[in-house]
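When a residue number appears, it is its place in the shown sequence, counting from 1. Every number for a ligand or one of its atoms is a count from 1 in the order of the listing.
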Amino acid sequence: MENPRVARIPFPAEIGLSLAAGAGAFAFSALVCSAARGHLPDVPLGLALLAAVLLIARATGILYALPAGVAAILAYDWFFLPPLRDMNDAAFTILALFLVMAVIVSAVTTAAGRRAVEAERARGDLADELIKSRARIVAAADEARRRIERDLHDGAQQRLVALALRLRTSAIDQQAAAGDLLEVIDELRELSRGIHPAVLSDSGLRPALRALGRRSPLPVEVDVRLDARPPEQVEVCAYYVVSEMLTNAVKHADATTVAVTVEPDGDAVSLTVRDDGIGGADPARGTGLVGLKDRVEALGGTLEVRSPAGEGTTVTCRLPGSTG
Ligand SMILES: Nc1ncnc2c1ncn2[C@@H]1O[C@H](COP(=O)(O)OP(=O)(O)OP(=O)(O)O)[C@@H](O)[C@H]1O
Ligand SMILES: [Mg+2]
C-alpha cells in the first residue's frame, strides 16, 4: 500500500527521493554491518535487514523499498561478509548501477500501479454517476406521475364530483350536464398534455376561480384582489387548492356557502377558502389535504387547515411569488 502523503509529491521528485532513500539505506546498512561484524551471526542480521526493507515497503511502497533493499543487501555483502570490499571507483560504479536499476524498476512498477488505481477509480466514479443518473431519471418519472395524479385528483375529479351531485339533485338539465361533461373531457385532454386549464393560463386566477365556483353545486363567493397576475406556478397551485376545497365542501362539509379570497401579502399571495359546514376536517383520513400541503410546500409556501367541529373549515395558504 502506498503512503498517501508520499503520493502527493510530484513523480520526478519522488524518483530523486527514491535514489536518496537507496543511498541513505546503503550508508546506514554499511554502518550497522561494520559495527555488527564479529558480534552477530550472519543469518539473523540478514533477516533483520530484510525485515527493515519490508517495513519500508509497507510504509512508503515499492518506489522506496526496492532501492533501499538493494542497497542494504550490497552493504551487507561488502561490509559484513568476508571478503570485505574496498570502496574504490569500481565499488561505487556497481553501487550506482544497482541503485539506478532498482529505481528504474520500482518507478516503472509504481507508475503502472498508479495508472491502474486511477483507472479503477475513474470506473468507480463512472459507475457512481450512472447509478445517480438512473436514480434521477426514476425520481423525475415518479415526480411526473405524482403531478398528473394530483392534477387529476384536484382538477377533473372535482368537476366530476360536482357534476354528479348536481345530477343527483336534478339541479341541472341534460343539455347543461352534457356541456359540463364535454368541458371535463377537454380538461382531461389538456391535463394529459401537461397543460393546466385553458381559462387559467389565458385569463388568470379571477375568471378561473369564478368558473370553478359556478360549476359547484354550492354558492361560492370569489374575491380576488390582485392587481397583477402572480407567477404561473402560484396561479396553478391556488387553482387546485380551491378546486379540492370546493370538492371537500361539497362531499364532507354539509355547507351552505363557500368563500374564496385571494389577496397580496407582502411579496406573496394569500389564499383563503372558508366553508360554513360541520368542520372536523382531518388530513389523516384522505389524500386530498395532504396532497395540497405537498403542492403548496413544493413552492416554498405554507398551508394551514382550521376546522373545529361545528365551526366550518378554513384553509389558509401563503404562496411566495410577487404579483408584479
Ligand atoms: N371542508 C370539510 N368539512 C368537513 N370535513 C372535511 C372537509 N374537508 C375534509 N374533511 C374531512 O377530512 C377528511 C380528509 O379530507 P381529504 O380531502 O384529505 O380526503 P377525502 O376528501 O376524503 O378524499 P380525497 O383523497 O379524494 O381528497 C375527509 O375524509 C373528511 O372527513
Ligand atoms: Mg378531498
Side-chain angles (χ1 to χ4, degrees), residues 142-169 171 180-181 183-185 187-188 190-192 196-197 200 205 208-224 234-263 269-299 301-319:
D142 277 357
E143 180 52 37
R145 185 176 47 74
R146 262 197 302 276
R147 184 187 58 74
I148 292 169
E149 273 172 19
R150 298 291 353 143
D151 291 355
L152 277 173
H153 173 275
D154 300 345
Q157 187 175 321
Q158 184 272 343
R159 302 186 61 159
L160 288 171
V161 169
L163 181 59
L165 274 153
R166 287 165 72 196
L167 281 172
R168 199 192 292 158
T169 57
D180 269 11
L181 269 177
E183 278 181 30
V184 177
I185 290 166
E187 185 169 326
L188 285 173
E190 285 165 353
L191 253 178
S192 68
H196 299 290
L200 182 63
L205 216 40
L209 296 187
R210 283 191 179 146
L212 274 183
R214 271 196 306 278
R215 283 198 301 265
S216 173
L218 286 171
V220 180
E221 205 179 287
V222 175
D223 184 8
V224 178
V234 170
E235 287 191 332
V236 169
C237 183
Y239 177 87
Y240 284 122
V241 170
V242 173
S243 178
E244 165 64 4
M245 290 320 299
L246 288 182
T247 314
N248 277 358
V250 170
K251 277 191 342 190
H252 310 294
D254 203 13
T256 58
T257 174
V258 184
V260 178
T261 310
V262 185
E263 57 195 342
V269 170
S270 166
L271 163 70
T272 309
V273 185
R274 178 177 299 122
D275 70 52
D276 62 351
I278 56 170
D282 177 5
R285 289 210 298 272
T287 61
L289 290 172
V290 174
L292 288 189
K293 199 165 160 58
D294 290 347
R295 191 189 274 282
V296 169
E297 286 176 358
L299 293 187
T302 54
L303 180 139
E304 194 197 332
V305 181
R306 278 197 69 255
S307 189
E311 292 181 38
T313 299
T314 305
V315 166
T316 313
C317 293
R318 192 172 188 279
L319 301 167

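Under 4.0 Å from ligand 1, the heavy atoms of Thr313 that appear belong solely to its side chain. Of the heavy atoms in Thr247, none comes closer than 4.0 Å to ligand 1.
Comparing Ala255, Gly277, Gly279, Gly280 by heavy-atom distance to atom 4 (C) of ligand 1, the nearest is Gly279. Between atom 13 (C) of ligand 1 and the options Val258, Leu246, Val161, Asp282, the minimum heavy-atom separation is to Asp282.
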May I have the list of side-chain donor-acceptor pairs in residues 286-294 shorter than 3.5 Å, sequence neighbours left out?
{"unit_1": "Lys293", "atom_1": "NZ", "unit_2": "Glu297", "atom_2": "OE2", "d": "2.9"}

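Side-chain contact, Thr256 with Asp276: a donor N or O sits under 3.5 Å from an acceptor N or O.
When all heavy atoms of Ser216 and Ala162 are compared, the pair lying nearest together is CA-CB, 4.4 Å. When all heavy atoms of Val258 and Ala249 are compared, the pair lying nearest together is CG2-CB, 3.8 Å.
In this structure, atom 31 (O) of ligand 1 lies nearest to the protein heavy atom Arg285 NH2, 2.9 Å. Looking only at protein heavy atoms, the nearest one to atom 7 (C) of ligand 1 is Ala281 CB, 3.6 Å. Atom 21 (O) of ligand 1 has His252 NE2, 2.7 Å as its closest protein atom, hydrogens excluded (heavy atom only). With respect to atom 1 (N) of ligand 1, the closest heavy atom belonging to the protein is Asp275 OD2, 2.8 Å. Protein heavy atom at the shortest distance from atom 18 (O) of ligand 1 is Leu289 N, 2.9 Å. For atom 23 (O) of ligand 1, the nearest non-hydrogen atom of the protein is Lys251 NZ, 3.9 Å. Here the protein heavy atom with the shortest distance to atom 19 (O) of ligand 1 is Gly286 CA, 3.3 Å. For atom 26 (O) of ligand 1, the nearest non-hydrogen atom of the protein is His153 NE2, 3.0 Å.
By the 4.5 Å heavy-atom criterion applied to side chains, Leu205 and Leu200 are counted as neighbours. The closest side-chain heavy-atom distance from Asp151 to Arg295 is below 4.5 Å. The shortest distance between side-chain heavy atoms of Leu246 and Leu212 falls below 4.5 Å. Using a 4.5 Å heavy-atom cutoff, the side chains of Asp282 and Val305 are not in contact. Side chains of Ile278 and Thr313 form no contact here, defined as non-hydrogen atoms less than 4.5 Å apart. Counting heavy atoms from C-beta on, the side chains of Leu165 and Val161 come closer than 4.5 Å.
Residue Ile278 has no N or O atom closer than 3.5 Å to an N or O atom of ligand 1.
Annotation for ligand 1: atoms under 4.0 Å from non-hydrogen atoms of Glu244 are 17 (O), 27 (O). Taking every heavy atom of Gln157 and a limit of under 4.0 angstrom, the matching atoms of ligand 1 come to 26 (O).
In terms of distance to the Mg ion (ligand 2), the nearest N, O or S atom of Glu244 is named OE2.
Counting non-hydrogen atoms of other residues, nucleotides and ligands closer than 6.0 Å to CZ of Arg150 gives a total above 12.
Distance check for Asn248 against the Mg ion (ligand 2): an N/O/S atom falls below 2.8 Å.
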